[in-house]
Each structure stands twice: as structure tokens, then as C-alpha cells.
Amino acid sequence: MLSLNKPKLDNLANEIWKSAERLRGKFKAYEYQNVILPIIVIRRLECVLIQWRKKMREEVLAKRPELEAKPIELDRLVKKLEITQAHFSNGTDHTLESLAEEDPMLLEDNFRAYLNGFSRNVRDILDHFNYHTTVTQLVKNNRLAPILNQYKSLTLGPDQLSNLEMGYIYEELLRRFSEQSGEEAGEHFTPREVIRLMVELLDIPTPTRHTAIYDPACGTGGMLSVAKEHLLDRARTEAERQQVESYVTLHGQELSPTNYAICRADLLIKEDKEARVFLGNSLIPHNPSSKEPGDQLAGSHDRFDFMLSNPPFGVTWGGKDRYEDEARRYAATRYRAGMPRTNDGALLFLQTMLAKMKPVDAASGQGGSRIAIIFNGSPLSNGDCGQGESEIRRWILENDWLDAIVMLPDQLFYNTGIYTYVWLLRNEKPASHRGRVMLIDARQQFEKEPKAFGNKRNRIADVHRQWIETRYRDGWAERFEDDDVKLYHTTDFAYHKVSLVFWQTDADDRPAIVTESYQKAFTAANMAKEQAFYDSELQFAVQARHGDRTVEIRFSLNPDDSFATVWGDAVRKAFAAELAELTKDIAEARERNKATKAFIDGLALQVTWTHRHYVADEEYIPFDPAGEPDEYIAAFLEREIAKPILRWQDSPQLGYEILPNKYFYRYQPPRPASELLAEFWALEKEAEGMLQRVGGK
């Protein structure tokens with residue numbers, strides 16, 4: 001069953017954590033995981049080999065009992081079989097226990113020989129840990145022997161710890177390491193109960209054909225492992241288990257070398273030969289010659305039946321030292337709907353998954369893909385109409401891919417207490433789902449953790465998961481009623497962003513006129529903008545100073561007037577004597593005009609103007625698929641603004657946003673004043689009693 005004995009696992013995690021604390025003073029906090037995680041992987045691999053050797057020794061002795069009297073020959077034969085038949089091997093006679101018991105002077109050389117004795121697939125994992133460099137640091141700081149002694153007999157084999165339990169240990173340690181080293185909050189390891197919920201909502205059937213499962217940010221492989229574990233757990237017969245083993249293939253990509261190495265080790269122990277997991281950034285194109293590997297599952301044949309992921313929250317992908325330039329190479333293909341703001345790449349992951357959906361065959365209805373992805377609240381509503389996030393939501397909803405959103409409780413994750421949301425998407429919606437989106441409010445479906453794990457104080461138990469699954473399964477029926485389930489048409493999330501200008505009214509509800517100081521530069525360019533906006537007479541009173549003389553100039557400017565001409569004529573009239581003196585010796589007209597312009601530009605001005613009180617505003621108006629936009633937008637503005645509308649303009653495309661908190665808002669009336677007063681006087685009386693007792697002392 002997909003359940004965890006958390007007290008047992010926490011005790012083991014605490015025991016392992018003690019070894020990290022022994023590194024204090026010799027290693028920086030951010031270096032702890034470089035020491036601890038690889039040695040855990042090595043010990044677990046060793047436990048697997050020890051178990052394999054024991055089993056193989058029994059099989060050999062059953063066929064050749066005479067070898068029991070020849071232990072050296074028996075060990076040599078088992079070692080030969082290990083190298084040729086086991087999924088991975090170690091060609092040396094060393095174990096961590098034997099190394100710890102040998103001459104300390106030989107420890108480093110023997111340990112390096114032991115590491116190099118592993119088969120190529122294990123050495124590749126150790127290379128991604130960069131473990132040989134870490135060994136040098138351990139030797140330099142005199143910590144190699146204590147670490148080997150700590151782990152030489154630790155029970156980490158699959159017979160003591162399932163892959164599911166080991167995954168929990170890895171991620172609990174990674175959580176603690178990230179807290180110690182202050183890593184960015186975008187790294188949120190997914191609790192197993194949340195992964196199980198996602199897997200069951202995907203409703204992956206027992207396969208009868210090849211079924212590919214994919215995660216573009218697979219971390220240590222938890223999503224992929226739980227998906228397959230769930231299918232194996234649900235298998236009712238040995239034949240069904242064989243179907244899962246034969247038909248299900250796991251695919252993923254991970255950016256962190258450490259997480260990738262752990263994932264590869266986990267798959268190696270499971271002997272999952274068909275799994276394809278790559279190191280690299282799944283959001284950018286792959287260039288084999290680049291130091292930054294990209295998406296290595298981007299071919300036309302890389303299409304997946306089921307996809308699930310918990311991509312990092314709020315991780316910056318643009319700007320200096322990021323990968324914006326590389327990601328934009330997909331702008332015309334994978335990200336053609338739009339690109340989100342550069343400080344949050346969550347929707348890039350979703351678009352990457354959508355690009356890998358299997359097409360649906362129009363004739364047979366076969367094919368298609370389903371997706372489950374965890375987001376925080378940003379992808380629901382970030383981005384205004386026409387901006388990247390809104391355009392991505394528009395693309396998804398207009399293609400009718402979004403199936404449901406489940407609002408999860410807060411404080412479910414180890415490194416953050418925020419609310420999160422599971423988005424379910426599919427391009428093969430059944431008839432009852434088409435054109436609709438289900439929202440499920442599961443924020444109250446939790447119980448308290450007996451003991452907090454970082455920020456994780458709540459958990460989803462089986463009863464809560466079943467509550468969610470029942471509503472997702474049954475909520476599409478016409479007569480289904482539940483206050484925590486709402487169905488919307490895809491167009492219900494669409495809106496018009498309308499720019500408008502209206503004439504504000506005064507206290508007597510009459511169109512208002514305003515006289516105020518003009519704070520902008522008194523230039524032709526600014527005046528052209530004012531004329532275009534107000535489209536009515538503007539009146540000016542200008543205090544113009546030249547030397548010691550100040551003149552008040554009053555003039556009006558109409559929409560079609562040339563500001564330069566009107567203002568120039570007004571200045572010439574007001575300062576006629578000064579201009580005559582200035583230009584009396586200038587014969588050429590062009591030079592006189594230049595001198596006059598310089599005179600006008602050199603005036604010190606204080607400008608007051610009188611204009612109608614026009615207001616520029618923007619209104620977000622719900623889209624009505626059955627109406628004519630010009631008609632219902634005009635009606636909305638007349639009803640909601642209730643001011644003289646001068647003009648309005650709709651945006652070129654619809655905006656889309658999803659606001660679950662708004663849809664599930666429940667009005668709670670304030671408490672009656674009599675109750676509040678009674679509570680106040682009770683507190684007052686209690687305070688008086690406390691003061692009397694203090695005074696009595």
C-alpha cells in the first residue's frame with residue numbers, strides 16, 4: 001500500500017542527520033548534502049548487491065553443493081556472475097564495513113578503488129554527485145573514517161526500506177539541507193499523499209498497451225515512482241502486475257545534478273531498464289555541444305499518455321545569467337501562445353507538457369493525454385489582458401484542455417505554507433466534460449500532522465483524498481449538488497478589458513469643470529495629447545516672465561488649433577515691444593523667426609488651465625458568448641459608470657483569469673452589536689477584577 005511509517009522514517013532521517021552535524025566546522029552548511037546524499041546512495045546500492053550475492057550464492061550451492069567447502073572459489077564464481085548478470089556491480093572485494101576495518105593509512109586508496117570498482121552506470125551517478133572531489137575534502141578534513149563508520153552497517157536495503165520510503169528519506173534530508181543552506185523557496189518537495197491524489201485523479205488504468213508517464217521537473221523521481229507504485233499496488237492479479245511492469249515506461253528530466261543522481265540510483269535499484277531520465281533544463285532546446293543541456297525528450301515521437309509535475313514555484317527564468325535567450329527559441333513553437341513574466345516560469349512547464357500530448361484520432365477517438373500539475377496562485381490570474389499569462393490561459397481554455405482545478409489546503413508542503421492548486425488538463429475530454437471546467441474547494445480537507453515537518457503542518461488523509469476523487473468523478477452529472485463543487489463554461493473565465501473616458505460630475509451631479517496648475521512641460525507635444533484627450537476647449541492663464549517684467553497671457557485652445565500658432569501669437573501680442581527691440585536689426589525673416597522662438601522658449605512660465613474633468617479608466621467586463629460585445633459593453637458602462645461616457649475602446653483580444661477564492665466566497669454576516677457590546681463589558685469587568693487583585697497585593 002502507498003502509506004508511510006513516518007515515525008520510523010523520521011527516526012532514520014534524524015540518525016542520518018546526526019552525521020551531517022558532525023561535519024560542522026569542517027564543511028559549510030551548503031556542502032553537507034554533497035557528503036551525505038552520495039554515501040546514502042552508495043550504501044543502499046551496496047545493500048542491494050549484498051542481498052543479490054546472498055541469493056545467488058544460495059542458487060549456486062543448490063546446483064553445486066560441493067562449493068560450500070570451497071568458499072574462495074564460491075565467492076569468485078558469485079562475483080563473476082554479478083559482473084555479467086546483475087543490473088549493476090562492483091568488481092572489488094570491498095564493502096563499506098570491510099573498508100572501515102582496514103588499515104587507516106590505506107583507507108583513501110581503498111575507498112577510491114571501491115568507488116571505481118562499480119559498473120559504469122553507478123560511476124555515472126557518482127560523477128553527477130561530483131563525489132571524488134568530496135572524498136578529497138573528507139580526507140583533508142579527517143572525516144572519511146567517521147562517515148564510513150556511520151554508514152557501514154546502516155540498514156538501507158529494499159528489504160528494509162521500500163523505494164517509496166527511501167524517497168521520503170531523500171526528500172526529508174534534501175528539505176533540511178535546503179533550509180540549512182538558504183536555498184530559494186522555489187524548491188518544494190511534494191508530499192506523497194499529494195502525489196497519490198494527483199495519480200488517482202489522472203485515473204491511469206491498468207495498461208493493456210504501452211503507457212508512457214512523464215515529468216519535466218522530476219526531482220528525485222517521486223512523481224514517477226508513486227505513479228508506477230500505485231498501478232502495481234492496484235493490480236489485482238500477478239498478470240496485471242506483469243502488465244504494469246511490461247507496458248509502463250517512465251520518462252523525466254531534472255535540472256539539479258544531485259536530484260538527478262538520486263533519481264537514477266532509485267531507478268537502477270528497481271532495475272527499471274526502460275526508464276528514460278535525463279539531466280538538463282526541459283524548458284530550453286537541447287544543444288549537444290552546449291554546457292547547458294536542454295530538453296532531450298523533444299522529438300516528434302516524444303509524446304506521453306500521462307504527465308504529472310510539481311515545477312518550482314516563482315523561479316526566475318529571464319534576465320542576467322538565466323536562460324531567457326534559449327527559452328525564446330521556442331517562442332514560435334512550444335511557447336507560441338505567450339511567455340509568462342521572467343520571474344515565474346511555472347507556465348513554461350505546463351506549455352512544455354501540453355506540447356508533448358498525444359493527438360486524438362478524430363475517427364476512432366483514441367489517443368490523447370492527461371496532465372496533473374501543481375501550481376501556486378500566480379498562474380491563475382497573473383498577467384493582464386493581452387499579456388503572457390493571460391494569453392496562455394486563453395490558449396488553454398479556447399482549446400478546451402483545462403478539465404478541473406482542485407484547491408488544496410495550506411501548509412501541505414515542507415518548505416512553504418501557501419495554498420496550492422492541482423490543475424487537471426486533457427485533450428480527450430468525454431462528452432460530459434467538454435466546454436466545461438470543474439472547480440473543487442478542498443481547502444478544508446485535511447487533518448493536522450501529529451508533528452510538524454518544517455512548514456508542513458497539515459496532511460491529506462485517505463478520507464480526504466476519497467472526498468476529492470468522489471466529487472471529481474461524480475460532479476459532472478446534471479443533478480449533482482455540492483457547495484464545494486462548481487462547474488463553469490470555459491468562456492466564463494473570459495473578460496473584455498475596456499479603456500474608457502468619461503466626464504466626471506460635481507457635488508450637484510453636473511458635469512465638472514476643473515481649474516488647476518499645469519504640472520507638465522508646456523510644450524507642443526504635451527498640448528497635442530491634451531487636445532486629443534479632452535477634444536474640447538481648453539483655457540489657459542499663463543504668468544510669463546521676461547527679465548523683470550511679468551505678463552499674464554490668457555488664451556483658449558480648441559481641438560483643431562495649432563498650439564504653436566496660438567501660443568506664439570499670444571506671446572507676440574503680450575511682448576510686442578520686447579520682440580520689436582530684439583528683431584529691429586534683423587532683416588531676414590528666417591532669422592527673425594529663430595530669434596522670436598528663442599525668446600518664447602526662454603520665458604519663465606507658471607501655467608494654470610481650465611478644462612472639463614475627464615477621467616480615463618479601465619473596466620473589466622465579463623464576456624457574454626450569446627451577446628453582441630458593442631451592445632453589452634455599452635450597457636455595462638452606462639449602468640456601472642453612470643457618468644457621461646465620451647468614448648471607449650475594447651482590447652483586441654479577450655483576457656482570461658480564474659479566481660477560485662471569488663467563486664467560493666461565502667458571505668458571513670457580522671456579529672450583532674449587542675453580542676459585541678456584551679463581550680466588551682465582560683472583558684471590562686474581567687480587567688477590573690485583575691486590577692483589584694493586583695492592588696490588593
Side-chain angles (χ1 to χ4, degrees), residues 336-340 347 354 362 379-405 423 425-427 429-439 475-476 478 485-505 509-512 529 531-536 559 612-665:
R336 63 188 180 276
M339 303 191 81
L347 284 171
L354 291 168
L380 291 166
S381 57
N382 267 7
D384 205 352
C385 178
Q387 294 180 347
E389 292 94 336
S390 178
E391 286 295 276
I392 296 167
R393 290 189 292 269
R394 180 166 74 93
W395 176 62
I396 290 170
L397 287 160
E398 290 182 356
N399 278 288
D400 196 17
W401 291 330
L402 183 60
D403 196 45
I405 293 176
W423 289 35
L425 304 97
R426 57 199 297 183
N427 62 347
K429 283 188 177 183
S432 61
H433 295 212
R434 287 174 196 157
R436 300 202 289 176
V437 177
M438 178 184 290
L439 302 182
W476 304 94
E478 289 186 12
V485 178
K486 294 185 182 295
L487 285 172
Y488 292 93
H489 289 285
T490 55
T491 54
D492 290 339
F493 306 111
Y495 64 87
H496 299 270
K497 180 183 178 182
V498 177
S499 302
L500 71 149
V501 177
F502 62 88
W503 194 348
Q504 185 61 277
T505 55
D509 203 28
R510 294 177 300 189
K529 294 177 183 176
Q531 288 172 286
F533 177 74
Y534 288 98
D535 195 26
S536 59
R612 297 177 180 181
H613 189 185
Y614 287 177
V615 176
D617 198 5
E618 291 173 343
E619 288 291 330
Y620 295 83
I621 301 174
F623 170 65
D624 180 359
E628 288 293 334
D630 286 353
E631 295 178 4
Y632 65 75
I633 290 175
F636 178 96
L637 296 176
E638 183 179 354
R639 179 178 68 252
E640 299 296 330
I641 303 299
K643 307 290 182 187
I645 305 293
L646 300 202
R647 54 187 176 272
W648 60 265
Q649 183 175 3
D650 192 8
S651 52
Q653 69 283 311
L654 292 171
Y656 279 82
E657 64 181 1
I658 304 170
L659 305 171
N661 291 335
K662 171 184 173 182
Y663 308 140
F664 287 101
Y665 172 75

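Note that the coordinates shown come from a computational prediction; the quantities given were computed from them, not determined experimentally.
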K.L.:
Please list, chain by chain and in numerical order, all residues satisfying side-chain contact (heavy atoms from CB on, under 4.5 Å) with Q504, sequence neighbours excluded.
P.N.:
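Once residues adjacent in sequence are excluded, the partners of Q504 under the side-chain contact (heavy atoms from CB on, under 4.5 Å) criterion are F502, H613, V615, K643.
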K.L.:
Is there side-chain contact between F533 and L646, with heavy atoms separated by less than 4.5 Å?
P.N.:
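With C-beta onward as the side chain, the pair stays apart.
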K.L.:
Which pair of non-hydrogen atoms, one from C385 and one from S390, has the smallest distance, and what is that distance?
P.N.:
CA-OG, 3.9 Å
K.L.:
Just verifying a value: how many Å separate N382 CG and I392 CD1, rounded to the nearest 0.5 Å?
P.N.:
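Answer rounded to 0.5 Å: 11.0 Å.
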K.L.:
About how many Å separate OG of S651 and OH of Y620, when rounded to the nearest 0.5 Å?
P.N.:
9.0 Å
K.L.:
Could you check whether any side-chain heavy atom of F493 comes within less than 4.5 Å of a side-chain heavy atom of L380, counting everything from C-beta outward?
P.N.:
no
K.L.:
Within this structure, what is the CG-CD1 distance for the pair L500 and I621, rounded to the nearest 0.5 Å?
P.N.:
8.0 Å
K.L.:
Taking R434 for its side chain and K429 for its backbone only, find out whether a donor-acceptor pair lies under 3.5 Å.
P.N.:
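Judged by distance alone, yes, a pair lies under 3.5 Å.
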K.L.:
For F636 and P622, work out which heavy atoms get closest and say how close.
P.N.:
CE1-CD, 4.4 Å
K.L.:
If you round to the nearest 0.5 Å, how far is CD1 of I405 from CE of M438?
P.N.:
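Here the interatomic distance stands at 12.0 Å.
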K.L.:
If you measure from CG on D624 to CG on D492, what distance do you get to the nearest 0.5 Å?
P.N.:
10.0 Å
K.L.:
Mind checking salt bridge (charged side-chain N to carboxylate O under 4.0 Å, His left out) for E391 and listing every partner two or more places apart, or none if nothing turns up?
P.N.:
R394
K.L.:
Crowded around E640 CD? As in, over 12 foreign heavy atoms under 6.0 Å?
P.N.:
yes
K.L.:
Only one of D617, D630, I641 forms a side-chain contact (heavy atoms from CB on, under 4.5 Å) with W648, so which one is it?
P.N.:
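Single side-chain contact (heavy atoms from CB on, under 4.5 Å) partner of W648 among D617, D630, I641: D630.
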K.L.:
Looking at L659, is its backbone amide N or carbonyl O close enough to the side chain of Y663 to form a donor-acceptor pair, meaning the two atoms are under 3.5 Å apart?
P.N.:
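Such a contact is found between Y663 side chain and L659 backbone.
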K.L.:
Could you go step by step and tell me if L397 and V437 meet the side-chain contact (heavy atoms from CB on, under 4.5 Å) rule?
P.N.:
CA-CA 9 Å; L397 287 160; V437 177; 4.0 Å; yes
K.L.:
Please indicate whether Q653 has more than 12 foreign heavy atoms, meaning atoms of other residues, nucleotides or ligands, lying under 6.0 Å from its CD.
P.N.:
yes
K.L.:
For W395 and L354: C-alpha separation, side-chain torsions, deciding distance, then whether side-chain contact (heavy atoms from CB on, under 4.5 Å) applies.
P.N.:
CA-CA 11 Å; W395 176 62; L354 291 168; 3.6 Å; yes
K.L.:
Applying salt bridge (charged side-chain N to carboxylate O under 4.0 Å, His left out), run through R393 and E657 and close with a yes or a no.
P.N.:
CA-CA 7 Å; R393 290 189 292 269; E657 64 181 1; 5.7 Å; no
K.L.:
So, for P644 and T505, which heavy atoms are closest and what is the spacing to 0.1 Å?
P.N.:
CD-CG2, 4.4 Å
K.L.:
Is the F623 ring parallel, tilted or perpendicular to the H496 ring (thresholds 30°, 60°)?
P.N.:
tilted
K.L.:
What's the separation between atom CG in L425 and atom CH2 in W401, rounded to the nearest 0.5 Å?
P.N.:
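Answer rounded to 0.5 Å: 9.5 Å.
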K.L.:
Under 4.5 Å between any side-chain heavy atoms of N427 and N399, yes or no?
P.N.:
no
K.L.:
I'd like to know if the side chain of Y656 reaches the main chain of E398, judged simply by a donor and an acceptor atom lying under 3.5 Å from each other, with no hydrogens or angles considered.
P.N.:
no
K.L.:
Are S536 and Y614 close enough that some pair of their side-chain heavy atoms sits under 4.5 Å apart?
P.N.:
yes
K.L.:
Looking only at non-hydrogen atoms, find the nearest pair between W503 and A512 and report the distance.
P.N.:
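Scanning both residues, the minimum pair turns out to be NE1-O, 2.9 Å.
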